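So the structure is just underneath, and the comments pick up after that.
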Amino acid sequence: MQNIRSIFFMLAGATVFVAMLLLTFSVTLAVGGILTVLMVGRALSLKMKPAPVRARARTDGKREMRIWNDGRGTIIDL
């Protein structure tokens, strides 16, 4: 009778251990999936809004052609 009770407790303990292992794995997988979706969404949203390139005038006598994109179109400064 003692052997049967020991085997039952061992199986019950193993079952609880496996259940906790599966719960931990599923929660980790869910959090990882949510973070991945948020990171991809942020990367795509930043890619769609390019930052404008700031232009500044030269103070010396040399002029060179400058080309930049301000987010609304390409600007060519001759």
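No experiment lies behind these values; they were computed from the predicted model shown.
- Counting side-chain heavy-atom gaps under 4.5 Å among Ile, Leu, Val, Met, Phe, Trp and Tyr, Met10 is found in no cluster with other residues.
- When hydrophobic side chains of Ile, Leu, Val, Met, Phe, Trp and Tyr are connected at separations under 4.5 Å, Leu21 ends up as a singleton with no cluster partners.
- Distance CZ/Phe25 to OG1/Thr28: 8.0 Å, rounded to 0.5 Å.
- The other members of the hydrophobic cluster of Leu38, by chain and number, are Ile34 (side-chain heavy atoms under 4.5 Å, ILVMFWY only).
- Rounding to the nearest 0.5 Å gives a distance of 9.5 Å between CG of Leu29 and OG1 of Thr36.
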